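Letters A, B, ... are given to chains in the order of the sequence lines, protein chains preceding strands, and every chain is numbered from 1. Treat the numbers as computed from the prediction; the structure is a model and nothing was measured.
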Amino acid sequence: MILELKQLTHRYGDELAVDDVSFELEEGELLALLGPSGCGKTTIVQAIAGHVQPTAGRVVLRNRDVTEASPEDRHVGIVFQQPTLYPHMTVSENVAYGLTARGVEPNQRDERVSEYLELVDLTEQWDAYPSELSGGQQRRVEVARALAPQPDVLLLDEPLSALDRQLRERLRKEIARIQTETGVTTLFVTHDQQEAMALADRLIVMNDGRVSGSGTPRALYGSPPTPFVASFLGRSNTFPATVVAQQPPTLRVGTHKLTVSNQELSVSAGTSVTCHIRPDGLSVIAPGSENGTALSLAGEVVTVTDVGRRYDVTIRTERSDEFVVETVERPPEPGEEITLELPRDRITIFETHDHDRGSTTGVPEH
Amino acid sequence: MSLARLSRSQQSNRLPELLVPAALGTLMLIYFAVPFVAFLTRAGTTNIITGLSTPEAQVAIRNSLLTAPISTLIATAFGVPLAYVLARASFVGKRLVEALVILPLIVPPVVGGAMILTAVGRFTPIGSAAATLGISLTDSLIGVILAQTFVAAPFVIITARAGFGAIDERLEQASRSLGYGPLSTFWNVSLPLARGAIIAGIILTFARAIGEFGATMMVAYNPRTMPTRIWVDFIAGGMDAIVPVALALLGITLAVLTAVQRFGRVPTVIDR
C-alpha cells in the first residue's frame with residue numbers, strides 16, 4: 001500500500017472539516033477524491049502533504065507513519081489549483097528545483113529535467129520564464145516539477161478547475177496519459193464528477209467531511225450507496241416506499257407491490273425507505289401497454305425540455321412524485337396521460353435517512 | 001497600472017475621468033516642487049565646494065555615511081524576519097506587536113529620542129552597564145545608530161511585510177513538498193519573491209535614517225551627523241550656511257536610491 005489514511009479528522013477551531021476519513025491508495029492507482037467545495041477534500045490533501053497537522057488520525061506513506069513528519073520529509077508531489085511556479089526561475093530551473101533538494105547529482109539533473117519536460121511536451125520552453133507560457137503550459141510544467149523527484153504519490157488538488165472547458169478536457173487527457181506512462185500513484189481531487197469519472201480507476205465521494213461512498217465510477221453510478229452519491233454523480237429521481245417483507249425483498253409504492261431481487265433489506269416490514277432511479281433507467285409507455293415486469297406508475301407529462309441530444313421529460317405521478325425521464329425518442333406532449341416504467345433492477349433502495357442525504361431533485365448535468 | 005492605461009486608451013474620446021483627481025494631485029505636486037526649486041535656486045548663489053570642505057562638514061558626512069548604512073543593515077537583518085512572521089503567523093497578541101511596530105512612526109522623533117534616553121541613558125541600568133564596559137550608548141556613534149534604527153526600522157518592516165503577504169503561501173508549500181525545509185524555502189522562494197518590496201523598504205529606511213534629526217538630537221547631539229550639523233549651522237549662520245550640507249545629504253540619498261534601484265531592478269520605490 002502506498003498511502004493509507006486512518007481515521008483522519010481535522011478541525012479548524014470549532015469547525016469539523018474532515019470527519020473520520022479512512023482510505024487507501026495502491027501502487028499505480030489513480031484515485032479521485034470527489035465532492036462539493038467545502039467538503040474537506042483540500043484539507044485531506046494538505047494533511048497528506050504535511051501542510052496541515054490533522055487533529056486526529058494517521059497518515060501512512062509506504063508503511064511509514066508520517067503524520068508528524070515535515071512536508072520535506074515526505075516524498076509527495078503536489079499540484080495546486082492556483083499556479084505555484086516560481087516566477088524568478090526558468091521552466092527548467094523550476095523542474096530542477098525539487099531534484100536539487102533530493103540530492104540528484106548535477107550531471108543527472110539536466111537529464112532528468114529534459115526527461116520530464118519531454119513527458120509534458122515542453123522541451124522547447126527550457127529557458128522560458130513561467131510568465132511567457134500559456135495557462136495550459138504552466139499547468140504542465142507544474143506537473144513535471146511535481147513528478148521530477150519521482151514522489152511516492154502525486155496529489156493533484158483541483159488542478160484543472162481554474163481553466164476553461166476545452167483546455168480542461170485536453171489537460172485531463174494529458175494527465176491520464178502521463179499517469180499511465182509514469183505509473184505514479186495519484187490522488188486526483190476535484191468537485192467535477194465528469195472529470196473524476198473520466199479519469200479515475202476508483203472514486204471516493206465526500207460530503208460534509210465524510211466519505212459518502214467509494215468504488216469504481218460505474219459501480220457508484222449504477223448502484224449508489226447513499227442518496228448523496230446518487231444525486232452527486234449525475235441526476236437522481238427519488239420516491240418513497242414502504243417495506244412489506246424482508247424475504248424476498250418486497251416494497252409497496254403507492255398501491256403497487258414490488259419485489260426487488262437484486263438487493264437485500266435489513267429493515268423490518270413497515271419501515272419507510274427512499275428509492276432512487278436514474279433518469280436514463282426510466283421509460284415512458286402508453287397506458288395499457290405494461291408488460292408487468294417493471295414497476296408501472298400512471299402519470300401525466302408536466303414539461304418536455306429539448307436539450308439537443310435528448311429530451312428531458314418531467315412526469316408527475318398520481319401520488320405527486322416527480323420524475324425526470326431522459327429519452328432520445330419522440331417525447332409525449334405536456335398534459336398527456338402516460339405510464340412510467342421503472343425496471344426493478346435499476347431501482348436502488350436507501351434504508352436509512354442518514355446524515356448525508358443529499359438533494360433528491362438531482363444535480364443538473366454538466 | 002496596465003488597467004489604467006487600458007481604460008484611458010479605450011475612452012480617449014470622452015472627458016478624461018481622471019481630470020478631477022489629476023487636478024487635485026497637481027496642486028499637491030506643486031506644493032512639493034516649489035520649496036524644492038526655491039531652495040535649489042538659493043543654492044546657486046553659495047559656494048558648495050567650500051562649504052563641504054570644512055572639517056566640521058567632513059566629519060558630519062563621514063559620521064552619517066557610517067551610521068545610516070549600519071542602522072539600515074540592523075533594521076533589515078532583524079526587521080525582515082519580523083515582517084515574515086507577521087505576514088505568515090497568527091498568534092495571540094499579534095495586534096499588540098503590530099502596534100509596537102508602528103509606534104516609532106507615530107511617536108514624534110524627538111519624543112522617541114527621549115524614550116531611548118530613558119531606556120539606555122548614562123544613568124539607567126543598561127547605560128551604566130555599557131559604560132563600565134567602556135561603551136557609551138549616548139553622545140556617540142552608537143547612540144546615533146540607536147536613534148536612527150528606532151525611527152527608521154518600521155519602514156522596512158511594514159513594506160517587507162506587505163511584500164511577503166502578497167506571496168501565495170502555496171508557493172512556499174510547494175517548495176516544502178519539493179524537499180526544502182522552512183529556512184531554505186524562505187531563502188529560495190519567499191525572499192526572492194518579496195525582493196522588490198524589501199528593497200523599497202530598505203531605501204525608505206535608509207533615507208529616513210540618514211535624514212534622522214529629532215531622535216538623534218536627543219540621544220547623540222554629538223558627534224554630529226549631517227542633519228545635526230545642518231541644525232547647528234542654521235543656528236549660527238542662517239539659511240546660506242546650511243545649503244552645502246543639505247545638498248550633500250540630498251545627493252547621497254538620491255545616489256543610494258538610484259544605485260539600489262538599478263542594482264535591485266526595482267522600477268520605483270512606491271509603484272511595484
Inset, instruction - Grab the two heavy atoms, one from L171(B) and one from L85(A), that are nearest each other, plus how far apart they are. - result: CD2-O, 4.0 Å
Inset, instruction - Flag yes if more than 12 heavy atoms outside Q82(A) fall under 6.0 Å of its CD atom; otherwise flag no. - result: yes
Legend entry - E172(B) side, atom CD; T84(A) side, atom OG1 - distance, nearest 0.5 Å: 11.5 Å
Inset, instruction - State the CZ-CG distance between R176(B) and D73(A), to the nearest 0.5 angstrom. - result: 8.5 Å
Legend entry - Spatial distance of atom NE2 (H88(A)) from atom CG (N188(B)) [nearest 0.5 Å]: 7.0 Å
Inset, instruction - Select one option (side chain, backbone, both, neither) describing which atoms of E142(A) are under 4.5 Å from chain B's heavy atoms. - result: neither
Legend entry - R170(B)/Q81(A) under side-chain contact (heavy atoms from CB on, under 4.5 Å): CA gap, chis, key distance, verdict: CA-CA 10 Å; R170(B) 278 169 283 234; Q81(A) 180 179 347; over 6 Å; no
Legend entry - Euclidean distance, Y86(A) OH relative to I167(B) CD1, rounded to 0.5 Å: 10.5 Å
Legend entry - Region of L155(A) in contact with chain B, defined by heavy-atom distances below 4.5 Å: neither
Inset, instruction - For atom NZ of K94(B), decide whether the heavy atoms of other residues, nucleotides or ligands shown that lie under 6.0 angstrom number more than 12. - result: yes
Inset, instruction - To the nearest 0.5 Å, tell me how far H75(A) NE2 sits from S177(B) OG. - result: 11.0 Å
Inset, instruction - Taking atom CD of E124(A) as the centre, report whether more than 12 heavy atoms of other residues, nucleotides or ligands fall under 6.0 Å from it. - result: no
Legend entry - Heavy-atom closest contact (Y180(B) atom, Y97(A) atom, distance): OH-O, 2.6 Å
Legend entry - P182(B) side chain reached by E72(A) side chain, heavy atoms, under 4.5 Å: yes
Inset, instruction - Kindly check if the number of other-residue, nucleotide or ligand heavy atoms within 6.0 Å of CZ (F36(B)) is above 12? - result: no
Legend entry - Greater than 12 external heavy atoms within 6.0 Å of Y31(B)'s OH: no
Inset, instruction - Kindly check if the number of other-residue, nucleotide or ligand heavy atoms within 6.0 Å of CD (E26(A)) is above 12? - result: no
Inset, instruction - Report the distance from atom NE2 of H51(A) to atom CD of E169(B), rounding to the nearest 0.5 Å. - result: 10.0 Å
Inset, instruction - May I ask you to check whether over 12 heavy atoms, not counting those of E98(B), lie within 6.0 Å of atom CD? - result: yes
Legend entry - P83(A) portion near chain B, given a 4.5 angstrom heavy-atom threshold: backbone
